[in-house]
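Here the structure is laid out as structure tokens; the discussion comes afterwards.
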Amino acid sequence: MNARRLANAATSLLLALLVQGAAAEVPPPGTVIDAQNMDRYAEVLFPTAQYFLRNGMTITVIPYRRWEWTKLYKEATEKFASQVRLSADGRDLQNYVAGAPFPAIDTQNDPMAAYKWIWNHEQNPAYTDNIGMGWSLELVNASGARERAMSSNFWRRMRWRGRLVIDPKPVVPHEPAVSYTEQWGPLDEPSDLKGAGVLNFRYVSPDAPDDTYMYLPSLRKVRRLSVANRSDSFWGLDIDMDSIWSFNAKIQYWSFKVLGEKQLLHPLHSGGYGRRDAWCAQPDGKSGIKAFAFCLPWELRPMVVIEATPSGYTQYAYAKRIVYIDKEWLSTSFSEGYDHGGQLWKAWYMAIDTGKAPAGDDIPDRPTWSEERMVATHGGMVDFQLNHVSKWDAPDAYLFPSFGVKHWYVDQPREWNTPENFTINFLISSGGM
Amino acid sequence: VHASTLIAAIGFSLATSGAALALVQSGPVQLEVKVGVQNTFQHAGVDRIEWVQERNELAIQGKYDFIARGRQAFGLREATLNLFYRGRYDSIFDVREVYGRRGYRRDDFRFPEGEIPRELFLDLRFTGALSALSARVGRQQIVWGEADLFRSLDVVNPLRLDQNGILGDDFADYREPLWIAKLFYSIGRLGPVDEGGLEMFYSPNSRPLTNRLVYGEEFRIKLDNPLERKNRRPTQLPFRRVRYPWELSRDGPDYGETFDQADVGFAKGDVVYLNRNDFPTATLSKQGGMAGARLLGKTFGNLDFTLNYLFKRAELPGSAVHFRDVFDPAISTNGSFNVRADQLASALAAEATLDTDGNGIPQGREALIDRCLRQNKPTFLFGSLRGNPGNAFTVCLDKVFWYPWTHIFGGTLTYNDDRFTGLIFRLEESFSTREPRNGVRPAAGVRAGQFPTADDFATNLMRETQVWRSMVGFDSLRALPWIPFTKNDPWFLTFQFLNEYYAHWDHQLGLTGSITDRMNQWNPLLTLLATGYFLNSRLKPVLAAAYDVNAAFPVFWLQAEYFVSRRWTVRAGEVLYAGSQHAESFLFLNHYTDRDTLFLRVSFLLL
């Protein structure tokens, strides 16, 4: 399908999705959706899902399962939500301590509803203190051939406010105040980037830009990077920094509006942890776009659709993003970006495995949690116009289940995921050479 | 024939057999093995092309975690051994017969590296009361400063410049790792500073690498037969002769012999400088010690800063010419013949001996030539060793390399101007208290006829200066969608204005030591570089230009690296030294020496 046809189809679909009472079927559990029957279920499929279905993906529909927040997150929400205030322009969250900032949103009538959903997404309950895992990524072209691969056993993110589990909490002091820090790498491959890593600081202040540092072994030193153009892809990938985890932009630079609320299919209890066969096809150079997609179970979820428009940039590659927020999770697995010609351009997508442990009794050293947690097992960023993808496994499913694989951890003390380890010195040290 | 050839052959066989090898990454072990071949051609425009390099390289990079992540033992929470071994076999010196004839078929040229691991260090992080402390101990690189390719604060590790040109390799490949113990203490928040840290290190191994340089055809490439000096090829015609490919300058001090001309007023003669580099070459030496500290952190206005201090030897030597060994300071130097009486008597006695072997040189003078060139002792003799009929005598003088201790104070700042320009601004400033220079040799230019003067006796031609080094630059990371093949992939663009300011510069030779190289007080340089990852991360170009303002010397570096597959990488590049033919750049860029270079590298990831 060419880009224009896809864009037109996407626009039509999005409109159809948002027309209340549209006559379409809702697939019951057990339904297998594919290219042949996808039109019957168009109402519950957003454009990215349709693109994958049209190119060989199958979706097995499973029963909806409610996801409960953790006890601490619930308690914090009950305790602190009433004091949270949104600034008049929606750019700033005031008096926030922990938990969900806005647990009850009148989506239909509140003019600031979209901002509140996005702030909920920013402080969503998937994790409150820290999170991390190992991963691998591959660039795959339209013929389904792998062009380049990257991997790292060391991704980690730490929240500096809204903390509920690990001391210090709820805030780690820092000047200026930090929302979260994140380190990508050191990379294990490719060879030319082995040891490279990126450290990012997201500050709380609406006026403080992110700080990003990159360690490059070929220079043996850290460079401070300008991230003014966060919509540009990096390292030649299809991924831009603002798209990571669906919507990773600094909220203050955006305006938002609610497009509607819908039941949509979403892979939230999808299993597939550490499995390469979770993908519909392997990057063998023959499978085409089918190799972009995962063939895992999806379920109908209550979602709110938000349109995000960049307003604080002098230039931004996307004209808008459509973000699909799960109303229980408060976050999202999917977001779609449109270019300035109004064409659908790229989408972030990922499959979530939710439970007290990843699904699969045969997982060596399987991580476990006392309450249900969610981890993203597979995903990527697809370029609809070039039919190209940068897709990833977390943990590294090529390495799995070898001894060296790094499992997910969520809100669990890790000595390498503490404030003193989100430093330039640690970035250099962790890079080895 | 050689182990590295064998390894390269094995690598090639594995590659062509399609063997499915994977990155070794199991539990605490990571290992990567890579082989590569680089062929390089030097050329002067399109007139002359020389095949100057066929480098076969084996690189092994490994890591071993003694303590599993998340565990503790012996008061440590991390103990990781890092290894980087690089063996090189420059087979061109075996392949090209002309290099054999020139005497370049030597093991130190053919196997420039590989006796010991290039880098080998232990990363340690502690527990309990020492949890804010981390250490890196072993052979390593320490890179300070914000400037690229500029020796301001990035001076901890010396440069190896005898294996390749100044441009074309990764920056980390030029630095010589040293044995260093480094500590880092995380201060955290302190007053107006956040994310503060204090880094300190000591190295007993910071010996300057001037003994590794190839300077002209004389330094390191010694002419053992004194009579060959007659046939010494002119340095003024660098493109018309076969040379060592990576010599640093077309002219300079000779390890055993450097020719100059003395003018004592009523007569002229040859001068042979007997260069001596007595600096200890032992791995561990107090004389080769170096220590440094830097404080880093984030402060007002989102500024990142470092404050740096280094105490070390100057990395480039000055030299002390010992005139007193041959000349008498008690005799007036203004046009008087002031050779010491004992040296004069010895020379006269030599002239009185017979020429028993019939070569036209009295046996006594031959003995003095031997004393000068083979025994490297200060000598005065009649006649010109260069065979110059206009010169009546020859003087052989000790010239001893001199590396003074220097204190270097410096600092860096970076500022993220996200709001207005989207640029990162970088600043770097350093001040070195004492760096050696050489006075203009007493035979040149205005010094003619005054050899040596009272000042020469007093100073041995040693000069020194304070040096300020400055850099202001900016980086931009942005896509240029109008470029078809890069579209929305960002280019990393970086610009630098660099300057070296010498407090004392008059009547001094430039850093290259060349007679045509003059010292300037201000030495500005501009650089611009663009790079990025394009074509789905498979193409990494480097487009760079530099301009030395004083020497009116532009240099261009155009390179493309293509990642053919997970294992195969091809890199091709061209470095164009489009500069002045009349002056050397203070950065050692030299139109004569750094001939335009075309290189092609193919590397294969074995493991």
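So you know, we letter chains A, B, ... as the sequences are listed, proteins then strands, and number each from 1.
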Winner by heavy-atom pair count (cut-off under 4.5 Å) against chain B, out of A:Pro419, A:Pro413, A:Gly312, A:Ser226 =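 Ranked by contacts with chain B, first place is A:Ser226.
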Pairs of heavy atoms under 4.5 Å with chain B: top-ranked of A:Leu139, A:Asn425, A:Thr423 =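 Among A:Leu139, A:Asn425, A:Thr423, the one with the most close pairs to chain B is A:Asn425.
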Relative to chain B, which segment of A:Leu225 carries a heavy atom at a distance below 4.5 Å: side chain, backbone, both, or neither?
->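 For A:Leu225, backbone and side chain are both near chain B.
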Interface moiety of A:Ile239 toward chain B, non-hydrogen atoms closer than 4.5 Å |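 No part of it gets close to chain B.
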Just how far is it from atom CG of B:Asp173 to atom OG of A:Ser218, taken to the nearest 0.5 Å?
->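 So the gap between those two atoms works out to 9.0 Å.
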Interatomic spacing from OG1 in A:Thr212 to CG in B:Asp418 - rounded to 0.5 Å =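 Those atoms lie 9.5 Å apart.
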Does [X] come within less than 4.0 Å of [Y], counting only side-chain N to carboxylate O?
| X | Y | result |
| --- | --- | --- |
| A:Arg223 | B:Asp475 | yes |
| A:Arg224 | B:Glu146 | no |
| A:Glu415 | B:Arg125 | yes |
| A:Arg220 | B:Glu119 | yes |

Side chain proximity check, A:Glu147 to B:Ser565, heavy atoms < 4.5 angstrom |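 No; the side chains remain at least 4.5 Å from each other.
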Distance-only donor-acceptor check, side chains [X] and [Y], under 3.5 Å:
| X | Y | value |
| --- | --- | --- |
| A:Lys194 | B:Gln30 | yes |
| A:Ser191 | B:Glu32 | yes |
| A:Ser233 | B:Asp489 | yes |
| A:Asp192 | B:Tyr533 | yes |

[X] versus chain A, the contacting section by heavy-atom distance below 4.5 Å:
| X | value |
| --- | --- |
| B:Thr80 | neither |
| B:Leu423 | backbone |
| B:Ser134 | side chain |

Those residues of residues 203-211 of chain A, ordered by number, that approach chain B below 4.5 Å (heavy atom to heavy atom) =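 Contacts with chain B: A:Tyr203, A:Asp207, A:Pro209, A:Asp210, A:Asp211.
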Who wins among B:Lys63, B:Gln140, B:Lys540, B:Lys298 for the most heavy-atom pairs under 4.5 Å with chain A?
->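 Most pairs with chain A among the choices: B:Lys298.
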Relative to B:Phe563, does A:Arg148 satisfy both conditions: NZ or CZ under 6.0 angstrom from the six-membered ring centre, and within 45 degrees of the ring's axis?
->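 The answer is yes, since A:Arg148 meets both limits relative to B:Phe563.
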